[in-house]
Protein chains: 2
Amino acid sequence: MTPAAPSDGTGPQLRADAARNRARILAAARAAFRERGTAAPLDEIARRAGVNIATLYRRFPDGEALIRQVVIDGYTVLLRAAQTAVREASDGALPAIEHWLLGLVAEREMLVLPLIGGPVVNDAEALAIQRELGGLLDELLATARDQGAIRPDVTAADLTTTVALACRPLPHLDAATGQVLAERHVRVFLDGLRPGPDPISPLPSGPTLDEVLARVYADGPTPTPDNTTQR
Amino acid sequence: MTPAAPSDGTGPQLRADAARNRARILAAARAAFRERGTAAPLDEIARRAGVNIATLYRRFPDGEALIRQVVIDGYTVLLRAAQTAVREASDGALPAIEHWLLGLVAEREMLVLPLIGGPVVNDAEALAIQRELGGLLDELLATARDQGAIRPDVTAADLTTTVALACRPLPHLDAATGQVLAERHVRVFLDGLRPGPDPISPLPSGPTLDEVLARVYADGPTPTPDNTTQR
DNA sequence: ATCTAACCGCAGGATATCCTTCACTTATTC
DNA sequence: GAATAAGTGAAGGATATCCTGCGGTTAGAT
């Protein structure tokens, strides 16, 4: 994401070819990060993008800046999807959640680092987006509960967890196959969201999304993986 | 191969301290791979294991051998769990599946590379285990369907997908928090497995487990990530 | 049509990791 | 308690990646 158009406060307007290449680089980076982790060689990303390595460094000062942009773009996708879901929720919250979750699975190629991990966490912009996202999901869930459309013990943290789990690449599988399997999984999960008369499994208590975010950004004990580095 | 005990056909019996260190190295490798991907520096693994790098290289000829062992150990856990589940299924297949899945989530620290990915795929031993695993899951599902305990459109591929998704580390989170969130997710999924009268989401057709395995081992188009390499 | 931003190809130094090797010390086993 | 497998510490060459810089070429903007 983030073609030539002004998406963040970054650019003073790029020339057409520069914007094109920037988009290509980001797409290549997403693919490479999904396949090989953030340690994917920048040379390879440039090659995949059909661009010279010098061009990559002209666009992004260093590897970290590239990672950061991919992360931000992913968050932006998440944010937009949540906004749409909240808008749709009044006409039926459960279908809205369904639409939201399946839509994210369909867009999973865009969702790389927020889910997969990555070093760029202490980022003000990312944090702001994530907080807003949490608010939207709470709103969505509140609406669903009011409508009696969902089991009451599901939290926003559960929704983000599901996105994080279901939108990651499945190892060794091509994107299409992973997509189908992820969608099937999510559909079963969605069925489990309904306020059944006799839930098999009462959910054990878990942290709220705020608590989760606090642990993440408070430099949690675990260093943090990102995706994967193929050896 | 693994601890001191005879697990596979590998060792001529290790001395006590050697076995201890070997186990420590494998535990450290699992942790490092989960956090940083298979590209985690071997020096770091040795350090975490409280062992000299030379000892690591004495035990494992190279990094790939270490990865391979971690993979095999993970598959072994999967296999044992499936065997237990099949044994329990006659007394109620759905509780058996529940027990199986939650047990794997609890043991997720052991399940590193089969799920996360990793370069060691074309391995006869791993392939054999995976096939056996598929057979056991089919058996489990057949029993569950006979008992009318599960929706009929769920396949063995769905079960392995769920394990693969739910047992991976959640980025930026410590193990305990990730564990809780994964368990909650799995419990909702389990509720979605029941043969409800009105499933929200009919599952779209997907590949069988055999087809999935074939794609994986037939050198699927996508190179394959493993876990993640932190930068 | 012209001007200039952006791209390309390439070379090179810095750093990190891999893996090996060797002499010496420690811990286990019998 | 003696024999020996195993572990330690350290040094070093090989490789890969990061990132920078420069002259020359191409493509977009006005």
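Values below: all heavy atoms of this structure, side chains included; hydrogens, waters and symmetry mates excluded. Letters A, B, ... are given to chains in the order of the sequence lines, protein chains preceding strands, and every chain is numbered from 1. The structure displayed is predicted, hence computed values, not measured ones.
When rounded to the nearest whole Å, the span between CZ of Arg59(A) and P of dC19(D) equals 17 Å. Atom CD1 of Ile25(A) is separated from atom C1' of dA6(C) by 11 Å (rounded to the nearest Å). One interatomic measurement links the two molecules: CZ of Arg58(B) to P of dA5(D), which rounds to 10 Å at whole-angstrom precision. Spacing between atom CZ of Arg24(B) and atom P of dA6(D) amounts to 16 Å, rounded to whole angstrom units. One atom, CD1 of Ile53(B), and another, C1' of dA10(D), lie 13 Å apart when rounded to the nearest Å. Rounded to whole Å, the distance from CD1 on Ile45(A) to C1' on dC19(D) is 14 Å. What separates OH of Tyr57(A) from P of dT17(D) is a distance of 11 Å, to the nearest Å. One atom, CZ of Arg47(B), and another, C1' of dT17(C), lie 13 Å apart when rounded to the nearest Å.
The side chain of Thr55(A) contributes an N or O atom lying less than 4.0 Å from OP1 or OP2 of dC8(C). Taking side-chain N and O atoms only, Arg20(B) has no distance below 4.0 Å to OP1 or OP2 of dA6(D). In terms of phosphate contacts, Asn21(A) brings a side-chain nitrogen or oxygen within less than 4.0 Å of OP1 or OP2 of dC7(C). Look at Asn52(A) and you'll find a side-chain N or O under 4.0 angstrom from OP1 or OP2 of dG9(C).
One cannot find a donor-acceptor pair under 3.5 Å joining the base of dA29(D) and the side-chain atoms of Arg15(A).
In terms of position along DNA chain D, the nucleotide closest to Glu44(A) lies nearer the 5' end than the nucleotide closest to the other residue of the pair Glu44(A) and Ala54(A). Between Asp17(A) and Asp43(A), the one whose closest nucleotide on DNA chain D sits nearer the 5' end is Asp43(A).
Between the side chain of Asp210(B) and the main chain of Leu213(B), no donor-acceptor pair closer than 3.5 Å is present. For Arg30(B) (side chain) and Val70(B) (main-chain N/O), no donor-acceptor pair under 3.5 Å exists by modelled atom type.
Thr161(A) and His185(B) share no donor-acceptor pair across their side chains, judged by distance under 3.5 Å alone. For the residue pair Thr76(A) / Asp73(A), no side-chain donor-acceptor distance below 3.5 Å is found, with atom types taken as modelled.
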Handout entry: Audit row: Arg48(A), Glu44(A), salt bridge (charged side-chain N to carboxylate O under 4.0 Å, His left out) steps and yes/no
Key = CA-CA 6 Å; Arg48(A) 284 174 151 212; Glu44(A) 187 192 317; 3.4 Å; yes
